[in-house]
Amino acid sequence: MQISLIMTKNPVSIAMDNPMSEVKDIFEKTQFHHLLVVDEGVLVGVISDRDLLGSISPTAGTAVANARDTATLNKRVRQVMSRQLITLGPTASFYDAIALFNKHPISCIPIVDENNHPLGIVSWRDIMRAIKLK
């Protein structure tokens, strides 16, 4: 089975210079766990909900937050994102994705075209859903 059949198409992306407060807003309003970071349409990084939690103060955005806590929301995506990308093309197989998940400590795989433009994203949850459908 081709990975393009199970990937989430048209993934939400964010720019490198956006503040972490925007990442926080997106994660709070959606059920996403990963955002693709793009620069002029080219994939340059990935940011996860775990990256967010590790980079901002737990009290940021709450009534008890102080200036230092709030400042963590002003960090830029480029300061937090993962730059060591492991990607697949749209014609890769379902098994190629499983092999990458088993070999690397990752929780998503961006699917890109030959120019590194994001086409989709696959998480281990997508793999589990596809296994269940077989």
Side-chain angles (χ1 to χ4, degrees):
M1 175 185 316
Q2 277 192 347
I3 203 69
S4 61
L5 297 174
I6 65 168
M7 72 182 186
T8 299
K9 295 173 177 62
N10 304 314
V12 174
S13 62
I14 195 158
M16 293 191 311
D17 289 324
N18 287 43
M20 291 303 292
S21 60
E22 288 186 34
V23 173
K24 184 177 184 286
D25 288 343
I26 292 169
F27 285 149
E28 286 176 352
K29 292 176 182 170
T30 67
Q31 293 185 347
F32 300 149
H33 298 278
H34 306 91
L35 293 176
L36 300 184
V37 183
V38 296
D39 185 26
E40 296 183 11
V42 175
L43 181 68
V44 293
V46 173
I47 193 156
S48 72
D49 52 359
R50 286 174 293 187
D51 296 329
L52 172 71
L53 291 174
S55 69
I56 65 169
S57 169
T59 59
T62 68
V64 297
N66 61 31
R68 187 182 226 171
D69 297 330
T70 302
T72 63
L73 290 172
N74 294 325
K75 284 184 185 176
R76 299 296 161 185
V77 169
R78 72 173 59 246
Q79 295 173 277
V80 178
M81 71 184 195
S82 299
R83 296 173 187 264
Q84 308 257 329
L85 300 175
I86 297 169
T87 64
L88 286 172
T91 60
S93 78
F94 168 85
Y95 297 104
D96 293 331
I98 292 172
L100 287 178
F101 281 124
N102 285 329
K103 184 177 181 180
H104 303 281
I106 56 174
S107 55
C108 77
I109 302 170
I111 309 304
V112 296
D113 67 14
E114 60 279 350
N115 296 314
N116 216 35
H117 296 127
L119 302 173
I121 190 169
V122 171
S123 72
W124 62 267
R125 285 178 181 90
D126 298 322
I127 296 293
M128 297 306 288
R129 269 189 230 104
I131 289 172
K132 188 176 178 180
L133 294 175
K134 280 191 157 194

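None of the values given here were measured: they were computed from a predicted structure.
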Peer 1: Check this for me: Arg50, atom CZ, are more than 12 non-hydrogen atoms of other residues, nucleotides or ligands nearer than 6.0 Å?
Peer 2: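 Counting other residues, nucleotides and ligands, CZ of Arg50 stays at 12 neighbours or fewer.
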
Peer 1: Without placing hydrogens or testing angles, list every side-chain donor-acceptor pair under 3.5 Å for residues 37-45, not counting sequence neighbours.
Peer 2:
none

Peer 1: I need the Ile47 CD1 to Ile14 CD1 distance, nearest 0.5 Å.
Peer 2: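 Between Ile47 CD1 and Ile14 CD1, I get 7.5 Å after rounding to 0.5 Å.
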
Peer 1: For the residue pair Pro110 and Leu36, what are the closest heavy atoms and their distance?
Peer 2: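 For Pro110 and Leu36, the tightest heavy-atom pair comes out as CG-CD2, 3.8 Å.
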
Peer 1: Ignoring hydrogens and geometry, is there a side-chain-to-backbone donor-acceptor pair from Asp126 to Ser123 under 3.5 Å?
Peer 2: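 Answer holds: yes.
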
Peer 1: Between Val112 and Val122, is there shared hydrophobic-cluster membership here, with clusters defined by ILVMFWY side-chain heavy atoms closer than 4.5 Å?
Peer 2: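 In one cluster: no.
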
Peer 1: When you measure from the side chain of Asn115 to the backbone of His117, do you find a donor-acceptor pair of N or O atoms at a distance under 3.5 Å?
Peer 2: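 Not at all, since once roles are kept as given, no pair shorter than 3.5 Å links the two residues.
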
Peer 1: Do Trp124 and Ile109 share a hydrophobic cluster (ILVMFWY, side-chain heavy atoms under 4.5 Å, transitive)?
Peer 2: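 Linked, Trp124 and Ile109 end up in one cluster.
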
Peer 1: Flag yes if Met16 and Leu85 sit in one hydrophobic cluster, no otherwise; membership is Ile, Leu, Val, Met, Phe, Trp, Tyr, and two members link when side-chain heavy atoms are under 4.5 Å apart.
Peer 2: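 Not linked; separate clusters.
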
Peer 1: As an exercise, state the distance from CD1 of Ile86 to NZ of Lys103, rounded to the nearest 0.5 Å.
Peer 2: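 Rounded to the nearest 0.5 Å, the CD1-NZ separation comes out at 8.5 Å.
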
Peer 1: Return the NE2 to CD1 distance between His33 and Ile121, rounded to the nearest 0.5 Å.
Peer 2: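 Reported to 0.5 Å precision, the distance equals 11.0 Å.
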
Peer 1: Would a hydrophobic clustering, with Ile, Leu, Val, Met, Phe, Trp and Tyr connected at side-chain separations under 4.5 Å, put Ile98 with Leu88?
Peer 2: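 Yes; tracing contacts between hydrophobic side chains, which count when under 4.5 Å, links both residues.
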
Peer 1: I'd like to check Asp51 versus Met81 (side-chain heavy atoms, cut-off strictly below 4.5 Å). Are they in contact?
Peer 2: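 No, their side chains stay 4.5 Å or more apart.
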
Peer 1: Looking at CZ of Phe101 and CD1 of Ile106, how far apart are the two atoms once the value is rounded to the nearest 0.5 Å?
Peer 2: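 Interatomic distance, Phe101 CZ to Ile106 CD1, rounded to 0.5 Å: 5.5 Å.
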
Peer 1: Output the distance between atom CD1 (Ile111) and atom CG (Asp113), rounded to the nearest 0.5 Å.
Peer 2: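 Reported value, rounded in 0.5 Å steps: 11.5 Å.
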
Peer 1: If you group Ile, Leu, Val, Met, Phe, Trp and Tyr by side-chain heavy-atom gaps below 4.5 Å, do Phe27 and Val77 land in one group?
Peer 2: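 Result: yes, single cluster for both.
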
Peer 1: Report yes if some heavy atom in the side chain of Ser107 is under 4.5 Å from a heavy atom in the side chain of His34; otherwise report no.
Peer 2: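 With C-beta onward as the side chain, the pair touches.
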
Peer 1: Donor-acceptor pair, Asp96 side chain versus Ser93 backbone, under 3.5 Å?
Peer 2: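 Checking the backbone N and O of Ser93 against the side chain of Asp96, a donor-acceptor pair under 3.5 Å is found.
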
Peer 1: Would Ile127 and Ile6 count as a side chain to side chain contact (heavy atoms under 4.5 Å, CB included) if you check the C-alpha gap in whole Å, the side-chain angles of each, and the deciding distance to 0.1 Å?
Peer 2: CA-CA 8 Å; Ile127 296 293; Ile6 65 168; 3.8 Å; yes

Peer 1: Does a side-chain heavy-atom distance below 4.5 Å link Val12 with Thr30?
Peer 2: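 Not in contact.
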
Peer 1: Taking the side chain as everything from C-beta on, heavy atoms only, tell me whether Leu119 gets closer than 4.5 Å to Met7.
Peer 2: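 In contact.
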
Peer 1: Report yes if some heavy atom in the side chain of Leu35 is under 4.5 Å from a heavy atom in the side chain of Val46; otherwise report no.
Peer 2: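 No - every pair of side-chain heavy atoms lies 4.5 Å or more apart.
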
Peer 1: Which distance, rounded to the nearest 0.5 Å, do you find between the CZ of Arg78 and the CE of Met20?
Peer 2: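 Nearest 0.5 Å value for the CZ-CE distance: 13.5 Å.
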
